[in-house]
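The next block holds one structure in the form of structure tokens; read it before the comments.
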Amino acid sequence: KKKGWRCAPCDAHVGCHPGTIVPLGRLANAELRAAKMKVHALFDSFWMHHRPRNIARTKCYQRLAADMEIPNSECHIGMFDVARCNLAIQVLAKWS
């Protein structure tokens, strides 16, 4: 069974890295989960078809950080709030 963290009153939750209790990102309510899914749908299409995948993903995150004008250390979809997700969606839409 997957582990995760949950806030029952606001129905926010986040999964954990496999075999740990370390969260994959931040607690996300329904609005934030939907926003992150939109970002992932766009972002993942850019790096998942390239080899090696880990290098392609890293380079895409670096480009996303630059295009969003945020530090690389703050550019992880799992940590985005709704505003950052919306900005990422705008940026990624221009990558096509």
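Along the sequence shown, residues are numbered consecutively beginning with 1. Since the structure is predicted, the reported quantities are computational estimates derived from the model, not experimental observations.
- Residue pairs meeting the ring pair (Phe, Tyr, Trp, His ring centres under 6.0 Å) criterion with at least one member in residues 12-39: none, sequence neighbours excluded.
- Counting only residues at least two apart or on different chains, no side chain to side chain donor-acceptor pair (under 3.5 Å) pair has a member in residues 19-32.
- Take D44 and apply the salt bridge (charged side-chain N to carboxylate O under 4.0 Å, His left out) test, not counting sequence neighbours, and it matches no residue.
- Pairs passing the salt bridge (charged side-chain N to carboxylate O under 4.0 Å, His left out) check and including a residue from residues 13-24, sequence neighbours excluded, do not occur.
- Taking all atoms of both residues into account, the shortest heavy-atom contact from D81 to L32 is C-CD1, 3.6 Å.
- Hydrophobic clustering, defined by side-chain heavy atoms of Ile, Leu, Val, Met, Phe, Trp and Tyr closer than 4.5 Å, groups I89 together with V39, L42, F43, F46, W47, M48, Y61, L64, M68, I70, I77, F80, L87, V91, L92, W95.
- Sorted by first and then second residue, the salt bridge (charged side-chain N to carboxylate O under 4.0 Å, His left out) pairs with a member in residues 49-61 form an empty list; sequence neighbours excluded.
- Heavy atoms only, all atoms of each residue included: A35 and C85 are closest at CB-CB, 3.7 Å.
- The salt bridge (charged side-chain N to carboxylate O under 4.0 Å, His left out) pairs that include a residue from residues 3-12 are R6-D11, D11-R33, where partners are two or more places apart or lie in different chains.
- Hydrophobic clustering keeps M79 apart from V22 (ILVMFWY residues linked when any side-chain heavy atoms are closer than 4.5 Å, directly or through intermediates).
- Under the side chain to side chain contact (heavy atoms under 4.5 Å, CB included) criterion, P9 pairs with C7, sequence neighbours left out.
- The side chain to side chain contact (heavy atoms under 4.5 Å, CB included) test applied to P71 returns S73, E74, not counting sequence neighbours.
- Taking the side chain to side chain donor-acceptor pair (under 3.5 Å) definition, one finds that H50 meets it with nothing, sequence neighbours left out.
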